Amino acid sequence: MTAQAGDTAPIPSAADSKQLLRRQLQAQRAALPSRYRHHAARHCARHALRALRLRGCRHVALYLAYRSELSTAPLIDALLDDGLHVYLPRLVGKQMRLIELHADTALQRNRYGIIEPCGSVHARRTQLDAIVMPLTGFDGAGNRLGTGGGYYDRLLAGSAAQRRPWRLGYAYALQRCDRVSVDRWDIPLHAVCTEHGLQRFT
Ligand SMILES: Nc1nc2c(c(=O)[nH]1)N(C=O)[C@@H](CNc1ccc(C(=O)N[C@@H](CCC(=O)O)C(=O)O)cc1)CN2
Ligand SMILES: Nc1ncnc2c1ncn2[C@@H]1O[C@H](COP(=O)(O)OP(=O)(O)OP(=O)(O)O)[C@@H](O)[C@H]1O
């Protein structure tokens with residue numbers, strides 16, 4: 001909090017207001033019934049699959065959902081069935097590596113309890129056609145609110161103006177909010193996929 005002389009209530013800093021919005025959106029997301037989650041994940045997979053096919057994507061990074069995040073399981077299955085190369089995050093210190101998922105890839109839990117692939121061979125950002133990103137929130141301009149670790153922002157640093165990899169947010173429609181405050185390191189989305197369909201920002 002940044003307290004100002006003479007104020008009765010402290011004015012929240014940008015980081016505090018991001019964190020407050022995260023908490024609100026996470027609580028709303030966690031309240032979704034399991035039947036809704038199941039159907040949303042299937043609808044989202046259908047929308048995303050169509051968009052990724054239309055763009056001719058062959059190398060796609062995704063994530064494995066944790067806590068109340070939108071599940072990518074139906075999308076990952078469909079992409080693997082199509083013969084695409086699928087990559088998942090692995091945390092190494094403050095960096096996030098993207099490791100290709102094969103039938104025999106060993107998995108483990110990272111320090112947050114998120115399942116991640118083992119291995120050291122990882123894709124360079126430039127090898128990827130698309131990155132499907134978990135979101136806590138997003139706004140109508142494509143600004144994203146992540147989990148707060150800055151991992152995607154570090155991975156994508158310097159690529160805001162690039163068309164590739166395609167930056168696709170993956171979220172429940174209720175994670176949309178009026179405005180996400182933007183920090184200098186934030187990299188916006190090209191599009192977002194929700195259970196209601198795909199929305200392009202550029
Ligand atoms: N499914 C999934 N995998 C992912 C991400 C993600 O957001 N979702 N990440 C995207 O960057 C990276 C991990 N990032 C994370 C960043 C912070 C916390 C974290 O601080 N967790 C705290 C509090 C979470 C909160 O604020 O709600 C905790 O577990 O107590 C967890 C994961 C890589 N893998
Ligand atoms: N390019 C970068 N270089 C160094 N630090 C960064 C970079 N991008 C973000 N960070 C750091 O990461 C922290 C978290 O950033 P932010 O709150 O925007 O995370 P987020 O976008 O929610 O997380 P994620 O990208 O993992 O989904 C910030 O305090 C910031 O200092």
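Since we're looking at a predicted model, the values are computed, not measured. Both counts, for ligands and for their atoms, begin at 1 and track the order of listing.
At a 3.5 angstrom cut-off on N or O pairs, D186 counts as close to ligand 2.
Atom 26 (O) of ligand 2 has its closest protein heavy atom at Y151 N, 2.8 Å. The nearest protein atom to atom 21 (O) of ligand 2, hydrogens excluded, is given as D153 OD2, 2.8 Å; this is a heavy-atom distance. In this structure, atom 29 (O) of ligand 2 lies nearest to the protein heavy atom W185 CZ2, 4.1 Å. For atom 25 (O) of ligand 2, the nearest protein heavy atom (residue, atom name, distance) is Y152 N, 3.1 Å. Nearest protein heavy-atom neighbour of atom 27 (O) of ligand 2: R144 NH2, 2.4 Å.
For E195, there are no salt bridge (Lys or Arg N to Asp or Glu O under 4.0 Å) partners, not counting sequence neighbours.
Around atom 17 (O) of ligand 2, the closest heavy atom drawn from R22, R184, R154 belongs to R22. When G146, G148, S181, G150 are ranked by how near their heavy atoms come to atom 12 (O) of ligand 2, first place goes to G150.
Look at D153 and R144 and you find a salt bridge, because one of the NZ, NE, NH1 or NH2 atoms lies within 4.0 Å of a carboxylate O, short of that distance.
With a 4.0 Å cut-off on non-hydrogen atoms, T147 touches ligand 2 through its backbone and not its side chain. Residue contacts with ligand 2, taken as heavy atom pairs separated by less than 4.0 Å, do not involve M133 at all.
Annotation: side chain of L101 is in contact with side chain of I76 (closest heavy-atom distance under 4.5 Å).
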Identify all pairs of nitrogen or oxygen atoms, one from ligand 1 and one from the protein, separated by less than 3.5 Å, and list them with distances.
{"unit_1": "ligand 1", "atom_1": "1 (N)", "unit_2": "L64", "atom_2": "O", "d": "2.7"}
{"unit_1": "ligand 1", "atom_1": "1 (N)", "unit_2": "E69", "atom_2": "OE1", "d": "2.6"}
{"unit_1": "ligand 1", "atom_1": "7 (O)", "unit_2": "E69", "atom_2": "OE2", "d": "3.4"}
{"unit_1": "ligand 1", "atom_1": "7 (O)", "unit_2": "T147", "atom_2": "OG1", "d": "2.5"}
{"unit_1": "ligand 1", "atom_1": "8 (N)", "unit_2": "E69", "atom_2": "OE1", "d": "3.3"}
{"unit_1": "ligand 1", "atom_1": "8 (N)", "unit_2": "E69", "atom_2": "OE2", "d": "2.8"}
{"unit_1": "ligand 1", "atom_1": "26 (O)", "unit_2": "R23", "atom_2": "NH1", "d": "3.4"}
{"unit_1": "ligand 1", "atom_1": "26 (O)", "unit_2": "R23", "atom_2": "NH2", "d": "3.3"}
{"unit_1": "ligand 1", "atom_1": "27 (O)", "unit_2": "R23", "atom_2": "NH1", "d": "3.1"}
{"unit_1": "ligand 1", "atom_1": "27 (O)", "unit_2": "Q26", "atom_2": "OE1", "d": "3.0"}
{"unit_1": "ligand 1", "atom_1": "27 (O)", "unit_2": "Q26", "atom_2": "NE2", "d": "3.2"}
{"unit_1": "ligand 1", "atom_1": "29 (O)", "unit_2": "R67", "atom_2": "NH2", "d": "3.3"}

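Atom CG of L88 and atom CG of L64 lie 4.5 Å apart (nearest 0.5 Å). For the atom pair OG1 of T147 and CZ of R22, the computed distance is 7.5 Å after rounding to the nearest 0.5 Å.
Contact between D82 and R53 at its shortest, heavy atoms only, is OD2-NE, 2.8 Å. Across all their heavy atoms, R90 and E116 have their closest contact at CA-OE1, 3.4 Å. Nearest heavy-atom pair, L49 versus A78, reported as atom, atom and distance to 0.1 Å: CD2-CB, 3.7 Å.
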